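As structure tokens, the structure follows; a few thoughts come after it.
Excluded from the calculations below are hydrogen atoms, water molecules and symmetry mates; all remaining heavy atoms, backbone and side chain alike, are included. The structure presented is a predicted model; accordingly, all values stated were derived computationally and were not measured. The residues of the chain are indexed from 1 along the displayed sequence.
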Amino acid sequence: MQNLMNNYIEVGSIILFGIGFMTLLLNNNMIKKIIGLNIMDTAIFLFFIARGYIYEKDAPIVVGEFKGVSGYINPIPTSLMLTGIVVSVSMTAFMLALTIKLYQKYKTIDLREILDMKEG
């Protein structure tokens, strides 16, 4: 139990991922599926940024004296997460554009109704 309390950010990100995954699975509405996927993305970013941070080390910006390589946090995980955020935003925009096109064609954003129209 103490280990869970020490890693509360990681536990919170796992819970967020589960909420997003269940939202993705249980809803037929396209907008709700996109929101669930965004919650999952945010949980992954939170997890990796929390794991990449090391207490009592500074950001890799040299101000004043140089503390040595071991005195700074590795900037690569943070830069990878920034890249992931950009990709996530662009994928969200793409999914919303596809949802608009689906609505224009089928007059609904419910996947079950779209599949029934397509089969019939």
Side-chain angles (χ1 to χ4, degrees):
M1 186 67 172
Q2 186 63 27
N3 204 10
L4 288 177
M5 293 309 223
N6 290 339
N7 298 318
Y8 62 92
I9 296 176
E10 289 85 352
V11 172
S13 65
I14 292 170
I15 291 170
L16 270 178
F17 189 87
I19 290 170
F21 189 67
M22 293 308 294
T23 303
L24 192 65
L25 284 180
L26 297 178
N27 289 306
N28 288 323
N29 188 328
M30 288 293 293
I31 301 296
K32 290 181 181 178
K33 283 186 178 286
I34 293 170
I35 291 171
L37 195 61
N38 281 331
I39 292 171
M40 289 171 61
D41 288 343
T42 304
I44 290 171
F45 299 146
L46 176 64
F47 182 80
F48 279 114
I49 289 172
R51 295 305 307 162
Y53 181 74
I54 301 170
Y55 292 103
E56 299 174 356
K57 290 193 177 185
D58 292 330
I61 302 169
V62 178
V63 178
E65 66 182 64
F66 181 66
K67 297 178 183 177
V69 177
S70 62
Y72 297 101
I73 297 172
N74 188 358
I76 293 176
T78 306
S79 62
L80 288 174
M81 290 306 106
L82 286 173
T83 305
I85 290 169
V86 170
V87 170
S88 174
V89 168
S90 62
M91 286 302 297
T92 301
F94 181 69
M95 288 185 291
L96 288 171
L98 286 178
T99 303
I100 290 171
K101 289 296 183 185
L102 277 173
Y103 181 76
Q104 288 174 349
K105 183 171 183 176
Y106 295 106
K107 301 298 182 211
T108 184
I109 55 173
D110 191 300
L111 282 178
R112 197 169 304 260
E113 291 178 20
I114 291 172
L115 288 174
D116 289 343
M117 286 181 204
K118 210 172 174 183
E119 289 175 0

Self-check item: K33 and L111: CA distance, side-chain angles, deciding distance, side chain to side chain contact (heavy atoms under 4.5 Å, CB included) verdict
Solution: CA-CA 10 Å; K33 283 186 178 286; L111 282 178; 3.4 Å; yes
For the [atom1] atom of [X] and the [atom2] atom of [Y], what is their distance to the nearest 0.5 Å?
| X | Y | atom1 | atom2 | answer |
| --- | --- | --- | --- | --- |
| L37 | M40 | CG | CE | 6.0 Å |
| Y106 | D116 | OH | CG | 11.5 Å |
| Y72 | K57 | OH | NZ | 11.5 Å |
| M81 | I76 | CE | CD1 | 12.0 Å |
| L46 | T42 | CG | OG1 | 8.5 Å |
| I14 | N7 | CD1 | CG | 9.0 Å |

Are [X] and [Y] connected in the hydrophobic side-chain network, where two residues link if heavy atoms are under 4.5 Å apart?
| X | Y | answer |
| --- | --- | --- |
| L96 | L102 | yes |
| L25 | I39 | yes |
| L80 | F45 | yes |
| I85 | I35 | yes |

Self-check item: Steps toward side chain to side chain contact (heavy atoms under 4.5 Å, CB included) verdict (T108, M117)
Solution: CA-CA 10 Å; T108 184; M117 286 181 204; 3.9 Å; yes
Quiz prompt | Minimum-distance pair of heavy atoms, taken over all atoms of P75 and P60 | solution = CB-CG, 3.7 Å
Name each donor-acceptor pair under 3.5 Å that joins a side chain in residues 17-24 to protein atoms two or more places apart or in another chain, with its distance.
from	atom 1	to	atom 2	distance (Å)
T23	OG1	I19	O	2.7

Quiz item: Does the pair I9 and V11 meet the rule for a side chain to side chain contact (heavy atoms under 4.5 Å, CB included), with working shown?
Solution: CA-CA 5 Å; I9 296 176; V11 172; over 6 Å; no
Exercise. Show the numbers, then the answer: is there a side chain to side chain contact (heavy atoms under 4.5 Å, CB included) between M30 and Y103?
Key: CA-CA 10 Å; M30 288 293 293; Y103 181 76; over 6 Å; no
Exercise. Take atom CD of Q104 as the centre, draw a 6.0 Å sphere, and report whether it contains more than 12 heavy atoms from other residues, nucleotides or ligands.
Key: yes
Exercise. Could you list the residues that satisfy ring-ring contact (aromatic ring centres under 6.0 Å, His included) with Y8, not counting sequence neighbours?
Key: none
Quiz item: Distance-only, no hydrogens or angles: does the N27 side chain make a donor-acceptor pair with backbone N or O of N29 under 3.5 Å?
Solution: no
Quiz item: Tell me the side-chain hydrogen bond (donor to acceptor under 3.5 Å, both in side chains) pairs involving residues 73-97, sequence neighbours left out?
Solution: N38-T92, D41-S88
